[in-house]
Amino acid sequence: MRRFSMVFRFCSDVTDPKMATSMEEPVFSNESPSGEKDSIDEDEEEDVTDEPKEPRVRETPEDIRFEAIVNTLAFHPTQDIFAAGDIDGDIYVYAYSCLEGANKELWSSGHHLKSCRELAFSQNGQMLFSVSKDKSIHIMDVEAGKLVTRIQKAHSVPINALLLIDENLLATGDDGGTLKVWDMRKGTAFMDLKHHEDYISGITIDQAKKILLTSSGDGTMGVFNIKRRRFELLSEFQSGDLTSVAIMKRGRKVVCGSSEGTIYIFNWNGFGATSDRFAVRAESVDSIVPITDSILCAASMDGVIRAINVLPNRVLGSVGQHVGEPIEQIARSHDGRFLASSAHDQLVKFWDISGLPKMEVSDYRRRKKKGGSLKSLSKKAFGTGDDFFSGLVEETEKKEQAEEEEEEGDESDDDSDSGSD
């Protein structure tokens, strides 16, 4: 009887809700016999623990692909914004960033009927100027992205070059070799001069805003005095087109790129003849941008952007490249950190040039071995670029220099240097 009562008590205990729950818990355990958690619960835990990943910070902004080849680039003077004009006449304005996926198109314009040849932001960044193969000059409001002013048939032939002199003055050069200087308050040109026999490829002006210089496809550099509103002179003819022009060495030197891959150097106030020339191992020197008083970046048809020191003349290395694609133009960002380039691959690429001003170049004339490759000046160029900040002369190169000194003998050690990269 006692045994029966114990069995009955056990059965009654099982019917208790708490006891039933405790006995059924192993059925819902999230552990398998081997001690592993059920896969369903693993997924639930992953959903709980996974958090949105922060955008990766890159060394340079990401490349931007366009629907057509970009002819011209311009950076905003104070903000991380740039403008691009393509062969279809479209203009795009982008905000750029080193955060992955953060590049953003702000607006675009299709007002030009033909290829957009050149762009420039006003000094305050509020207006964007453009010239085109359709012979017109456009002025657009940067914030609103709207056309403010249009000068139709500004030239009788397609316009190729543009320079903003100040907030009121604008210089343009066309395919026929005509230079015009405009007073934008009146919308008329007060200088209209034709002294070049071929297209004007580039325009620059001195710091005093007095002497305006032009490079031309006829192989000459033009000198114009805009204060006196007159033509001064043309330089002697050079072999090949002069494709670009820039003032360097604190205004003491003028540098022109050429279609032959040679850089021509003029003394200030000695514009008639070159004082020096430097043959670069490149198919051409199509677009040049000064980085410091002595260092410039030069883009070529071979797709390579070279950093070049002027006097002493040295090719320092490669900043970047569009593999096998001719480069149309390069431009420097407002803070001097990036160089942007556009090429026939329909890409705009960004390159880190923040290290270039730190480079020092020895006056020692070194003969580069034939077939030697370019030094990579950044990891993104080509090669590793690990030697960028280690100096231009490595310990392993000093022995080569000693040998080369013996080979060179008694060569003169003046400023002239016709070596190549």
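All of these numbers come straight from a predicted model, not from anything done at the bench. Side chains are part of it too, since the values below use all heavy atoms of this structure and drop only hydrogens, waters and symmetry mates.
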Asker: To the nearest 0.5 Å, tell me how far S318 OG sits from I305 CD1.
Answerer: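 These two atoms lie 7.5 Å from each other.
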
Asker: Within a 6.0 Å radius of atom CE on M191, are there more than 12 heavy atoms belonging to other residues, nucleotides or ligands?
Answerer: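 Counting other residues, nucleotides and ligands, CE of M191 exceeds 12 neighbours.
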
Asker: Is the backbone N or O of G303 less than 3.5 Å from a side-chain atom of E325, with the two atoms forming a donor-acceptor pair by type?
Answerer: no

Asker: Has S109 got a side-chain atom pairing as donor or acceptor with I91's backbone, closer than 3.5 angstrom?
Answerer: no

Asker: Can you tell me if D141 uses its side chain to pair, donor with acceptor, with the backbone of K146 under 3.5 Å?
Answerer: no

Asker: Verify the distance criterion only: is there a donor paired with an acceptor across the side chains of T243 and D241 at less than 3.5 Å?
Answerer: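 No, no side-chain donor-acceptor contact under 3.5 Å.
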
Asker: If the threshold is 4.0 Å, N to carboxylate O, is there a salt bridge linking D80 and R337?
Answerer: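 No, this pair does not count.
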
Asker: Any chance you could measure H112, atom NE2, to K114, atom NZ, to the nearest 0.5 Å?
Answerer: 13.0 Å

Asker: Output the distance between atom CZ (R228) and atom CD1 (I211), rounded to the nearest 0.5 Å.
Answerer: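 Answer rounded to 0.5 Å: 8.5 Å.
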
Asker: S341 vs V319, test: side-chain contact (heavy atoms from CB on, under 4.5 Å). Steps then yes/no.
Answerer: CA-CA 11 Å; S341 59; V319 169; over 6 Å; no

Asker: Name the residue from K375, R306, M359 that meets the side chain to side chain contact (heavy atoms under 4.5 Å, CB included) definition with L316.
Answerer: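 Single side chain to side chain contact (heavy atoms under 4.5 Å, CB included) partner of L316 among K375, R306, M359: M359.
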
Asker: Under a 3.5 Å cutoff, is there a donor and acceptor pairing between the side chains of S294 and K249?
Answerer: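 Their side chains do contain a donor-acceptor pair, which is all the 3.5 Å distance test asks for.
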
Asker: Got a salt bridge between R250 and D293, using NZ or NE/NH1/NH2 to carboxylate O under 4.0 Å?
Answerer: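 Here R250 pairs with D293 in a salt bridge, since their nearest N and O are under 4.0 Å apart.
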
Asker: Ignoring hydrogens and geometry, is there a side-chain-to-backbone donor-acceptor pair from D86 to D88 under 3.5 Å?
Answerer: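 Yes; at least one donor-acceptor contact below 3.5 Å.
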
Asker: Spell out, as yes or no, whether a donor-acceptor pair under 3.5 Å connects the side chain of D134 to the backbone of L113.
Answerer: yes

Asker: Can you list everything that forms a side-chain hydrogen bond (donor to acceptor under 3.5 Å, both in side chains) with K180? Sequence neighbours excluded, please.
Answerer: none

Asker: Show your working on side-chain contact (heavy atoms from CB on, under 4.5 Å) between V254 and M221 and close with a plain yes or no.
Answerer: CA-CA 10 Å; V254 178; M221 182 179 70; 3.6 Å; yes

Asker: If you measure only the distance, is there a donor-acceptor pair under 3.5 Å linking the side chains of E118 and Q329?
Answerer: yes

Asker: As a test of understanding, state which of K133, R117, K194 forms a salt bridge (charged side-chain N to carboxylate O under 4.0 Å, His left out) with D175.
Answerer: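 Considering K133, R117, K194, a salt bridge (charged side-chain N to carboxylate O under 4.0 Å, His left out) with D175 is found only for R117.
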
Asker: Does S300 reach the main-chain N or O of V304 with its side chain, forming a donor-acceptor pair under 3.5 Å?
Answerer: no

Asker: Please collect all ring pair (Phe, Tyr, Trp, His ring centres under 6.0 Å) contacts where either partner lies in residues 304-349, sequence neighbours excluded, each pair once.
Answerer: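 Output for this query is empty, none listed.
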
Asker: Among side-chain atoms of S239 and Y264, is any donor-acceptor pair under 3.5 angstrom?
Answerer: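 Looking only at side-chain atoms, Y264 and S239 do form a donor-acceptor pair, the distance falling under 3.5 Å.
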
Asker: Does atom NZ of K209 have more than 12 heavy-atom neighbours, drawn from other residues, nucleotides or ligands, at distances under 6.0 Å?
Answerer: yes

Asker: Okay, side chain of N309, backbone of R314: is any donor-acceptor separation there less than 3.5 Å?
Answerer: no

Asker: Pairs in or reaching into residues 152-211: which pass ring pair (Phe, Tyr, Trp, His ring centres under 6.0 Å), with residues at least two apart or in two chains?
Answerer: H195-F231

Asker: Restricting to side-chain hydrogen bond (donor to acceptor under 3.5 Å, both in side chains), what partner residues turn up for N71, sequence neighbours left out?
Answerer: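 In terms of side-chain hydrogen bond (donor to acceptor under 3.5 Å, both in side chains), with neighbours along the sequence ignored, N71 is linked to S115.
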
Asker: Any donor-acceptor pair under 3.5 Å linking the side chain of S259 with the backbone of G240?
Answerer: no

Asker: N103 side chain to E62 main-chain N or O, any donor-acceptor pair under 3.5 Å?
Answerer: yes

Asker: Residues in side-chain hydrogen bond (donor to acceptor under 3.5 Å, both in side chains) with R230, at least two apart?
Answerer: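 side-chain hydrogen bond (donor to acceptor under 3.5 Å, both in side chains) list for R230, sorted by chain: E232.
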
Asker: Residues in side-chain hydrogen bond (donor to acceptor under 3.5 Å, both in side chains) with T149, at least two apart?
Answerer: none

Asker: Between D183 and R185, is there a salt bridge with N-O shorter than 4.0 Å?
Answerer: yes

Asker: Given 3.5 Å as the limit, does a donor-acceptor pair link the side chain of Q238 with the main chain of G219, or not?
Answerer: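 Not at all, since once roles are kept as given, no pair shorter than 3.5 Å links the two residues.
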
Asker: When rounded to the nearest 0.5 angstrom, what is the spacing between CG in L242 and CG in L213?
Answerer: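 L242 CG to L213 CG: 11.5 Å, rounded to 0.5 Å.
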
Asker: Give the ring-plane orientation class for F82 versus F75, where under 30° counts as parallel, over 60° as perpendicular and anything between as tilted.
Answerer: tilted

